[in-house]
Amino acid sequence: MIGVFDSGFGGLTVLDSLVKALPQYDYLFLADSARAPYGARSLDVIYEFTLESVEWLFDEGCTLVILACNTASTRALRNLQQLHLPKHRPDRRVLGVVRPSVEALAGLPPGAVPGRTPPSSATGVVAVLGTESTIASDSYGMELRKLAPHLELIQQACPLWAALVEAGELDGPGTEWFLRRALDPVLNSGRRPQRILLGCTHYPLLLPAIRSLVPAGVEILAQGEVVASRLKNWLERHPDQEARLGRSALRRFVTTDDAAWFSARGEKLLGRPLAAERIRLAACRTRSLSR
Ligand code: DGL
């Protein structure tokens, strides 16, 4: 199966695009809703939570896991790929969302490799909106400097946006206040971006409200389609990994919090019935047993 991980239900925006682009594969979606949002947590905690989730997905038979969560991609992916997998799971793969998103921001084709692919000659200003942790990591900045060194990047943290989405507060004056607080510095910096990336799985759910505050000429990129088209390309370039994936079009949804709550939210987002199950991750089980 392809495992898709997010801290909360926002990752369904990415799953939805993956399923549309690559419907033949089996998918297992895990939302660590009990511990979401991750965005203001420390590096160590984000790594620990992400590792537990990824290991659970491996144990359930996923050979490939997509970290749909930007916070996990920016804070945990490198250690997972460079330290954990080679030692404990050499036959499994974990991919994140930063590289594909930066390729899209820079207008590069999928599969660009820093050092091998000639950098993009694109110029201008682009922006990334993300959680505090994603922005503090400067992961987008580092990738963009390698792949498109002439593009200027504005990075803006959007405190509480993910929490508003988790709470179902997608519009209204309170939500607009928080949206403006993050968007105003981006739009009024004197360097108006031509493209804004929603660098968090939850933000596409705020798209109508964001769109109403952003001038018409500014392109807003959500990650679902970007990640799906890049994954398709990655699978073509990694036939050994592709051959291991199940093709029964299975869809399974699990959450670490209430299953009925998650199913209701997910159904609204995907526009079709969804029956989630509640699971307990290893550390949660240990903690509750020792209580
Ligand atoms: N899903 C996370 C991401 O894409 C954001 C939500 C959170 O803070 O947990 O960054």
Side-chain angles (χ1 to χ4, degrees), residues 1-15 27-62 64-89 92-98 130-139 157-167 199-203 223 227 252-259 261-262 265-266 276-291:
M1 279 188 277
I2 300 178
V4 180
F5 167 68
D6 190 33
S7 55
F9 80 102
L12 290 173
T13 57
V14 174
L15 179 84
Y27 292 90
L28 172 51
F29 180 86
L30 163 57
D32 189 8
S33 312
R35 303 186 292 192
Y38 279 15
R41 295 189 185 276
S42 69
L43 186 79
D44 285 352
V45 167
I46 294 167
Y47 180 71
E48 213 179 283
F49 287 1
T50 305
L51 178 61
E52 284 167 15
S53 299
V54 167
E55 274 296 325
W56 188 89
L57 289 165
F58 286 159
D59 285 343
E60 290 296 305
C62 297
L64 169 66
V65 173
I66 312 294
L67 300 184
C69 180
N70 286 260
T71 308
S73 293
T74 55
R75 293 310 211 175
L77 180 65
R78 184 173 303 183
N79 278 350
L80 279 171
Q81 286 179 332
Q82 294 181 358
L83 304 175
H84 184 75
L85 297 186
K87 194 165 170 203
H88 303 285
R89 300 281 196 171
R92 309 293 171 102
R93 295 290 176 272
V94 181
L95 303 175
V97 291
V98 175
T131 63
E132 295 97 309
S133 190
T134 293
I135 299 305
S137 74
D138 191 35
S139 295
C158 305
L160 291 179
W161 284 23
L164 287 168
V165 172
E166 287 285 327
C200 172
T201 52
H202 288 60
Y203 300 173
Q223 288 176 309
V227 173
R252 187 177 164 209
F253 300 88
V254 301
T255 172
T256 54
D257 208 326
D258 185 64
W261 180 91
F262 183 88
R265 280 285 152 81
E277 308 149 43
R278 178 170 176 223
I279 57 132
R280 287 182 164 209
L281 297 171
C284 308
R285 274 203 301 273
T286 317
R287 270 185 221 121
S288 60
L289 283 174
S290 61
R291 243 181 236 147

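In this text, all values refer to a predicted model and were calculated from it rather than measured experimentally.
Although no hydrogens or angles enter the test, the distance criterion places no donor-acceptor pair under 3.5 Å between the side chain of T74 and the main chain of S139. A donor-acceptor pair is defined here as one N or O able to donate and one able to accept, closer than 3.5 Å; such a pair exists between the side chain of Y203 and the backbone of G130.
Atom CG of L51 sits about 8.5 Å away from atom NE2 of H88, to the nearest 0.5 Å. One distance of note links CG of L30 with CZ of F253; it measures 12.0 Å at 0.5 Å rounding. Between the CZ atom of R252 and the SG atom of C62 there is a distance of 9.0 Å, given to the nearest 0.5 Å. Going from atom CG of L64 over to atom CZ of R93 covers 9.5 Å, rounded to the nearest 0.5 Å. Within the model, atoms CZ of R41 and CD1 of I46 stand 8.5 Å from one another, a figure rounded to the nearest 0.5 Å. Rounding to the nearest 0.5 Å places OG1 of T255 at 8.5 Å from CZ of R278.
Under the 30°/60° scheme for interplanar angles, the aromatic rings of F262 and F9 are found to stand perpendicular.
Shown here for G96 and S73, the closest heavy-atom pair between the two residues is CA-OG, 3.5 Å. The two residues E132 and A157 make their nearest non-hydrogen contact at CA-CB, 3.9 Å. Here the closest heavy-atom approach between residue A72 and residue L67 is recorded as O-CD1, 3.9 Å. The minimum heavy-atom distance between D257 and S33, with the atom names listed, is CB-CB, 3.8 Å. Nearest heavy atoms, A276 versus A259: O-CB, 3.4 Å.
Within a 6.0 Å radius of CZ in R89, other residues, nucleotides and ligands contribute more than 12 heavy atoms.
Salt-bridge formation is not detected for the pair D258/R265: no Lys NZ or Arg NE/NH1/NH2 atom is positioned less than 4.0 Å from an Asp or Glu carboxylate oxygen. Ionic pairing of R35 and E52 is present here: one or more N-O contacts between side-chain nitrogen and carboxylate oxygen are shorter than 4.0 angstrom.
Of the candidates D6, T71, N70, T13, D6 is the only one forming a side chain to side chain donor-acceptor pair (under 3.5 Å) with T201.
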Starting from the C-alpha separation in whole Å, work towards a yes-or-no answer on side-chain contact (heavy atoms from CB on, under 4.5 Å) for F5 and T50. CA-CA 8 Å; F5 167 68; T50 305; 4.1 Å; yes
V254 vs F29, side-chain contact (heavy atoms from CB on, under 4.5 Å): CA-CA, chis, key distance, verdict: CA-CA 6 Å; V254 301; F29 180 86; over 6 Å; no
Would you please test T256 and L281 for side-chain contact (heavy atoms from CB on, under 4.5 Å) and show each step? CA-CA 7 Å; T256 54; L281 297 171; 3.8 Å; yes
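With hydrogens and angles left out, the side-chain atoms of S7 and D32 include no donor and acceptor closer than 3.5 Å. Under 3.5 Å, the side chains of T131 and S133 contain no donor-acceptor pair of N or O atoms.
Taking the six-membered ring wherever Trp is involved, the centroid distance between the rings of F49 and Y38 falls below 6.0 Å.
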With a cut-off of 3.5 Å and sequence neighbours excluded, list every side-chain donor-acceptor pair involving residues 79-87.
{"from": "Q81", "atom 1": "NE2", "to": "V94", "atom 2": "O", "distance (Å)": "2.7"}
{"from": "H84", "atom 1": "NE2", "to": "E55", "atom 2": "OE2", "distance (Å)": "2.8"}

